[in-house]
K.L.:
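Just dropping this structure here.
If you read the sequence from its start, that first residue is 1, and numbering goes on from there.
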Amino acid sequence: MRHPDEVYLLMKLMLAAKLIEKGTPLQPHWAFCNTTLRKVSRSFALLIQQLPTDLRNAVCVYYLVLRALDTVEDDTSLATEVRVPILRNVYCHFYDREWHFSCGTKAFKVLMDQFHDVSTAFLELDKNYQEVIKDITKRMGEGMAKFLCKEVETLDDYNEYCHYAAGLCGLGLSNLFYASGREDLAPESLSISMGLFLQKISIIRDYLEDINEVPKCRIFWPCQIWSKYVNKLEDFKYEENSVKAVQCLNEMVTNALLHAEDCLTYMSNLRDPAIFHFCAIPQIINMENLAMYYNNIEVFKGVVEMRQRKSYIFSCQPNCYIQLLV
């Protein structure tokens, strides 16, 4: 059940999103991108819709492209030798209005089946936006292909995987903000830390879902950490290993916290209020989630998250506030 103040804020945010939606292009490919974005993202669609029009369109296409990479990477029904060349070459298909590739399920399958609509939208973006999206997609696809054939054994592996899975995403967003002319170019290390922080929290949160997935998926908790406590990662599910499970969890949380200061520094340097909100809201939510994970055995019994819809008041500058329900 929602809190009364949440209902008001949710209605306010949905109304704002509807007003923005009315101003979106009517071309079929843009309609597809905006509709699909809402189906394949959680709260990011609402956050993207708050951005200025040109940047909103660029980030929308960027998000869908990276979702396409994720869909190929995650589809274990396809052989590795099929997925690897696709991951490495998705960026090449931006200039082919006919290309698509069947994989994934539900809205993700629709995204892949109609990827030509995303390519058409990509080709209407400013050239500076195109170059950023193309560069990051190429680099991320190469990294994902590498880790289809490589396990996460060491902490170096863990950081490298998170770099490809999300660090590059953070770098690309910074480059898109810079290309829009609204922000200075952020230091690369800070941009990458923004992505690493979110990715590591996601990996911690999804422990049980990943362990129980059928067919067996790959697990990204680094062996260098968990092997100090148990012989097999799935052993943390069992009550007799509760103490060791929490000890390992706390080490994972501490590792993620190594990026927190970089995230705060990055956000403190942002000037544009819409970009600040876009970056800050997911980070603040995940910081609270991380605090909930520490010393919490429930992580090994199911997904532990703060209320999915929660009120926040972010101060952008004196006397300038935005209320969002995320």
K.L.:
Grouping I, L, V, M, F, W and Y whenever their side-chain heavy atoms are under 4.5 Å apart, do Leu173 and Leu185 come out in a common cluster?
P.N.:
no
K.L.:
State the OG-CG distance between Ser102 and Asp113, to the nearest 0.5 angstrom.
P.N.:
4.5 Å
K.L.:
Quick one: CD on Gln27 to SG on Cys33, what's the gap to the nearest 0.5 Å?
P.N.:
10.5 Å
K.L.:
Less than 4.5 Å apart, side chain to side chain, heavy atoms only: is that true for Leu290 and Leu257?
P.N.:
yes
K.L.:
When you compare the side chain of Phe177 with that of Arg182, does any pair of heavy atoms fall below 4.5 Å?
P.N.:
no
K.L.:
Nearest heavy-atom pair of Gly172 and Ile136: which atoms, and what distance?
P.N.:
CA-CG1, 3.6 Å
K.L.:
Do you know the tightest heavy-atom contact between Gln130 and Leu125?
P.N.:
NE2-O, 3.0 Å
K.L.:
Which heavy atom of Lys39 sits nearest a heavy atom of Ala107, and at what distance?
P.N.:
CB-CB, 3.8 Å
K.L.:
Would Tyr229 and Glu251 satisfy side chain to side chain donor-acceptor pair (under 3.5 Å), going step by step from the backbone distance to the final call?
P.N.:
CA-CA 11 Å; Tyr229 303 96; Glu251 187 168 347; 2.6 Å; yes
K.L.:
Give the ring-plane orientation class for His116 versus His100, where under 30° counts as parallel, over 60° as perpendicular and anything between as tilted.
P.N.:
perpendicular
K.L.:
Hey, what do you get for CH2 (Trp221) to CG (Asp206), rounding to the nearest 0.5 Å?
P.N.:
10.5 Å
K.L.:
More than 12 non-hydrogen atoms from neighbouring residues, nucleotides or ligands closer than 6.0 Å to CZ on Phe147, yes or no?
P.N.:
yes
K.L.:
Please check if the side chain of Glu153 supplies one atom and the backbone of Gln224 the other of a donor-acceptor pair under 3.5 Å.
P.N.:
no
K.L.:
Evaluate the criterion side-chain contact (heavy atoms from CB on, under 4.5 Å) for residue pair Lys150 and Tyr161; output intermediate values, then yes/no.
P.N.:
CA-CA 10 Å; Lys150 177 182 174 65; Tyr161 171 76; over 6 Å; no
K.L.:
Nearest 0.5 Å, please: how far is SG in Cys263 from CE in Met194?
P.N.:
5.5 Å
K.L.:
Stepwise, does the side chain to side chain donor-acceptor pair (under 3.5 Å) test hold for Asn159 with Lys200?
P.N.:
CA-CA 9 Å; Asn159 286 320; Lys200 289 184 175 183; 2.6 Å; yes
K.L.:
Would you say Ser202's side chain and Leu198's backbone share a donor-acceptor pair under 3.5 angstrom?
P.N.:
no
K.L.:
Looking at Thr154, is its backbone amide N or carbonyl O close enough to the side chain of Asp157 to form a donor-acceptor pair, meaning the two atoms are under 3.5 Å apart?
P.N.:
yes
K.L.:
If I compare all heavy atoms of Leu168 with all of Tyr62, which pair ends up nearest, and what's the gap?
P.N.:
O-OH, 3.5 Å
K.L.:
Write down the atom of Cys149, the atom of Thr80, and the distance for their closest heavy-atom approach.
P.N.:
SG-CG2, 3.9 Å
K.L.:
Hydrophobic clusters here meaning ILVMFWY residues chained together by side-chain heavy-atom distances under 4.5 Å, can you tell me if Tyr178 and Leu55 are in one?
P.N.:
no
K.L.:
In the single-linkage hydrophobic clustering (I, L, V, M, F, W, Y; side-chain heavy atoms under 4.5 Å), do Leu258 and Ile192 co-cluster?
P.N.:
no
K.L.:
What distance do Leu69 atom CG and Tyr164 atom OH have between them, rounded to the nearest 0.5 Å?
P.N.:
13.5 Å
K.L.:
Counting heavy atoms not belonging to Glu239, are there more than 12 under 6.0 Å from its CD?
P.N.:
no
K.L.:
Hey, does Lys237 have a side-chain heavy atom less than 4.5 Å from the side chain of Tyr207?
P.N.:
yes
K.L.:
So do the side chains of Phe278 and Gln50 get within less than 4.5 Å of each other, counting heavy atoms only?
P.N.:
no
K.L.:
Would you indicate whether the side-chain heavy atoms of Asp262 and Leu196 approach each other to under 4.5 Å?
P.N.:
no
K.L.:
Side-chain contact, heavy-atom cut-off 4.5 Å: Phe197 with Met287?
P.N.:
yes
K.L.:
Test your reading of the model: is there a side-chain donor-acceptor pair from Arg56 to the backbone of Leu51, 3.5 Å cut-off?
P.N.:
yes
K.L.:
Just checking Lys244: does its NZ atom have more than 12 heavy atoms from other residues, nucleotides or ligands closer to it than 6.0 angstrom?
P.N.:
no
K.L.:
For Cys103, is there any backbone N or O sitting under 3.5 Å from a side-chain donor or acceptor partner on Asp75?
P.N.:
no
K.L.:
So, Tyr129 and Asp54: side-chain donor and acceptor under 3.5 Å apart, yes or no?
P.N.:
yes
K.L.:
Does any part of the side chain of Leu249, heavy atoms only, come nearer than 4.5 Å to the side chain of Phe300, both counted from C-beta?
P.N.:
yes
K.L.:
In sequence, state the C-alpha distance, the side-chain angles, and the governing distance for Ser193 and Tyr266, and then conclude on side-chain contact (heavy atoms from CB on, under 4.5 Å).
P.N.:
CA-CA 9 Å; Ser193 266; Tyr266 179 97; over 6 Å; no
K.L.:
Any donor and acceptor pair, going by atom type alone, linking the side chain of Asn250 with main-chain N or O of Asn295 inside 3.5 Å?
P.N.:
yes
K.L.:
Is there a side-chain contact (heavy atoms from CB on, under 4.5 Å) between Ile86 and Leu78 once you walk through the steps?
P.N.:
CA-CA 11 Å; Ile86 295 295; Leu78 298 173; over 6 Å; no
K.L.:
Same hydrophobic cluster for Met252 and Val303, using side-chain heavy-atom links shorter than 4.5 Å among ILVMFWY?
P.N.:
no
K.L.:
Are more than 12 heavy atoms, taken from residues, nucleotides or ligands other than Glu124, located less than 6.0 Å from that residue's CD atom?
P.N.:
yes
K.L.:
Surrounding NZ of Lys228 (heavy atoms of other residues, nucleotides or ligands, distance under 6.0 Å), is the total greater than 12?
P.N.:
yes
K.L.:
Do the side chains of Phe94 and Thr137 get nearer than 4.5 Å, heavy atoms only?
P.N.:
yes
K.L.:
Hey, could you give me the CD/CG distance between Glu213 and Leu208, rounded to the nearest 0.5 Å?
P.N.:
11.5 Å
K.L.:
Does CD belonging to Glu188 count more than 12 external heavy atoms closer than 6.0 Å?
P.N.:
no
K.L.:
Could you walk me through whether Val40 and Tyr63 pass side-chain contact (heavy atoms from CB on, under 4.5 Å), step by step?
P.N.:
CA-CA 9 Å; Val40 300; Tyr63 188 94; 4.2 Å; yes
K.L.:
Of all heavy-atom pairs between Leu66 and Met140, which one has the smallest distance, and what is that distance?
P.N.:
CD2-SD, 3.7 Å
K.L.:
Let me check something: do Tyr238 and Val299 share a hydrophobic cluster, defined by ILVMFWY side-chain heavy atoms less than 4.5 Å apart, either directly or through other members?
P.N.:
no
K.L.:
Of the options Tyr95, Trp99, Phe115, which is the one that meets Phe122 in a ring-ring contact (aromatic ring centres under 6.0 Å, His included)?
P.N.:
Tyr95
K.L.:
Taking only Lys NZ, Arg NE, NH1 and NH2, and the carboxylate oxygens of Asp or Glu, determine whether Lys134 and Glu131 approach each other closer than 4.0 Å.
P.N.:
no
